[in-house]
K.L.:
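The structure under discussion is supplied below as structure tokens; questions concerning it will follow.
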Amino acid sequence: MKGLAVYPGTFDPVTNGHLDILQRGLEIFDRMIVGVAYSHRKNPLFTAEERVEMLRNVTREYQGVEIEAFEGLVINFVRSRNAEVIIRGLRAVSDFEYELQMALMNRKLAGNIKTVFMMPSAEYSFLSSSIVKEIFSLGKSVSCFVPDYVEQQLHTKFPHTR
Ligand code: ADP
């Protein structure tokens, strides 16, 4: 299918699970904009600029992908890019309630914008940026869960792991 979709998130940092969803999205849409939310409330480990830079680095070989930071409501960002589709990943039942609430609220706020959910490969169903940061900070390698470049950047935030 032709078209543009926005994949919003915090990406603190990007994991192989996020990349799995991005690749699946590219099988449906010919352009995807990854929207990196500032997410001040989540107090991210990496700045938005660092998260954008990591995503650009690890998606260099992908065709049709753009990475941009955004502030504020997802629907405003989606509209500003003339898109009508939001892609979100659904890992487990635990994601469902929050994602349903967000999707229905976004539909209320912007009726033409549609949310498309995609399931990652089973091996990434338990993976989150938070768990990656937690196990890495405790001295374990996360090389199965994030690209090498991201693991290198994690060392800069947790110098004791070098
Ligand atoms: P947010 O703050 O918006 O939840 P995240 O970076 O945690 O930002 O997640 C962005 C999107 O990617 C969400 O739809 C989330 O469900 C999805 N996602 C995160 N990790 C994975 C994963 N391992 N597999 C599939 N989807 C994922």
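Every number for a ligand or one of its atoms is a count from 1 in the order of the listing.
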K.L.:
Without swapping roles, check the side chain of Asp30 against the backbone of Gly64 for a donor-acceptor pair under 3.5 Å.
P.N.:
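A pair under 3.5 Å: no.
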K.L.:
Which ligand 1 atoms, with their elements, are less than 4.0 angstrom from a heavy-atom of Tyr7?
P.N.:
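Counting atoms of ligand 1 from 1, those under 4.0 Å from Tyr7 are 11 (C), 12 (O), 17 (C).
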K.L.:
Parallel, tilted or perpendicular: which describes the rings of His155 and Phe136, with under 30° parallel and over 60° perpendicular?
P.N.:
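His155 and Phe136: perpendicular rings.
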K.L.:
State the atoms of ligand 1, each with its element, that fall below the 4.0 Å cut-off from a heavy-atom position in Gly9.
P.N.:
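Contacts of ligand 1 toward Gly9, numbered from 1: 3 (O), 8 (O), 10 (C).
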K.L.:
Would you mind listing which atoms of ligand 1 come within a distance below 4.0 Å of any non-hydrogen atom of Gly17?
P.N.:
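Ligand 1 atoms under the 4.0 Å threshold to Gly17: 22 (C), 23 (N), 24 (N), 25 (C).
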K.L.:
Please list the nearest protein heavy atom to atom 22 (C) of ligand 1 with its residue and the distance rounded to 0.1 Å.
P.N.:
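Going by distance alone, atom 22 (C) of ligand 1 is nearest to Arg91 CD, 3.4 Å.
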K.L.:
Walk me through whether Met118 and Glu27 qualify under side chain to side chain contact (heavy atoms under 4.5 Å, CB included).
P.N.:
CA-CA 12 Å; Met118 305 197 86; Glu27 290 176 22; over 6 Å; no
K.L.:
Test side chain to side chain contact (heavy atoms under 4.5 Å, CB included) on Tyr124 and Ile21; report intermediate values, then the result.
P.N.:
CA-CA 10 Å; Tyr124 302 133; Ile21 298 297; over 6 Å; no
K.L.:
Considering only protein heavy atoms, which is closest to atom 26 (N) of ligand 1, and at what distance to one decimal place?
P.N.:
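In this structure, atom 26 (N) of ligand 1 has Ile21 CG1, 3.5 Å as its nearest protein heavy atom.
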K.L.:
Nearest heavy-atom pair of Phe46 and Arg51: which atoms, and what distance?
P.N.:
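Here Phe46 and Arg51 meet closest at O-NE, 2.9 Å.
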K.L.:
Applying side chain to side chain contact (heavy atoms under 4.5 Å, CB included) to Val132 and Leu154, what does each step give before you reach the verdict?
P.N.:
CA-CA 10 Å; Val132 161; Leu154 280 163; 4.0 Å; yes
K.L.:
Just which atoms of ligand 1 are under 4.0 Å from any heavy atom in Phe11?
P.N.:
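Under 4.0 Å from Phe11, ligand 1 has these atoms: 6 (O).
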K.L.:
With distance as the sole test, does Ser129 use its side chain to make a donor-acceptor pair with the main-chain N or O of Phe11 at under 3.5 Å?
P.N.:
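Side chain of Ser129 to backbone of Phe11: no pair is present.
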K.L.:
Below 3.5 Å, N or O to N or O, backbone or side chain included: is there any such pair between Tyr98 and ligand 1?
P.N.:
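N/O-N/O distance below 3.5 Å does not exist for this pair.
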K.L.:
Can you check whether Pro8 has an N/O within less than 3.5 Å of an N/O in ligand 1?
P.N.:
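No - when backbone and side-chain N and O of Pro8 are compared with those of ligand 1, no distance drops under 3.5 Å.
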K.L.:
Please state which protein non-hydrogen atom is closest to atom 14 (O) of ligand 1 and give its distance, to 0.1 Å?
P.N.:
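Among all protein heavy atoms, the one nearest atom 14 (O) of ligand 1 is Gly89 N, 2.9 Å.
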K.L.:
Could you tell me the residue and atom name of the protein heavy atom closest to atom 3 (O) of ligand 1, and the distance to it rounded to 0.1 Å?
P.N.:
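It is Arg88 NH1, 3.0 Å.
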K.L.:
Can you name the atoms of ligand 1, numbered from 1 with element, that are less than 4.0 Å from a heavy atom of Pro120?
P.N.:
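Numbered from 1, ligand 1 contributes 24 (N), 25 (C).
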K.L.:
Checking salt bridge (Lys or Arg N to Asp or Glu O under 4.0 Å) for the pair Glu68/Arg81: CA distance, chi angles, key distance, verdict?
P.N.:
CA-CA 11 Å; Glu68 279 185 61; Arg81 295 298 172 270; 2.6 Å; yes
K.L.:
Quick one: does any side-chain atom of Ser141 pair with a main-chain N or O of Ser143 as donor and acceptor, under 3.5 Å?
P.N.:
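Between the backbone of Ser143 and the side chain of Ser141 there is a qualifying donor-acceptor contact (under 3.5 Å).
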K.L.:
Is a side-chain donor or acceptor of Arg88 paired with a backbone partner of Thr115 at a separation under 3.5 angstrom?
P.N.:
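Such a contact is absent between Arg88 side chain and Thr115 backbone.
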K.L.:
Of all the non-hydrogen atoms in the protein, which one sits nearest to atom 9 (O) of ligand 1, and at what distance?
P.N.:
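Result for atom 9 (O) of ligand 1: His18 NE2, 3.6 Å.
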K.L.:
Before signing off on this row, confirm whether Leu127 and ligand 1 have an N or O atom pair separated by under 3.5 Å.
P.N.:
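In this structure, Leu127 places an N or O atom under 3.5 Å from an N or O of ligand 1.
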K.L.:
Heavy-atom distance to atom 5 (P) of ligand 1: which of Val132, Thr10, Thr15 wins?
P.N.:
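Looking at heavy atoms only, the winner is Thr10.
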K.L.:
Polar contacts were defined as any N/O atom of the residue lying under 3.5 Å from an N/O atom of the ligand; does this apply to Ser39 and ligand 1?
P.N.:
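It does not: no N or O of Ser39 is found under 3.5 Å from an N or O of ligand 1.
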K.L.:
Could you tell me which atoms of ligand 1, counted from 1 in the order shown, lie closer than 4.0 angstrom to a heavy atom of Glu99?
P.N.:
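Counting from 1, the qualifying ligand atoms are 14 (O), 16 (O).
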K.L.:
Which ligand 1 atoms are under 4.0 Å away from a heavy-atom of Lys42?
P.N.:
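Atoms satisfying the 4.0 Å criterion: 1 (P), 2 (O), 4 (O).
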K.L.:
Measure from the side-chain N and O atoms of Asp20 to the backbone N and O of Ser121, and report whether any donor-acceptor pair falls under 3.5 Å.
P.N.:
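Yes; at least one donor-acceptor contact below 3.5 Å.
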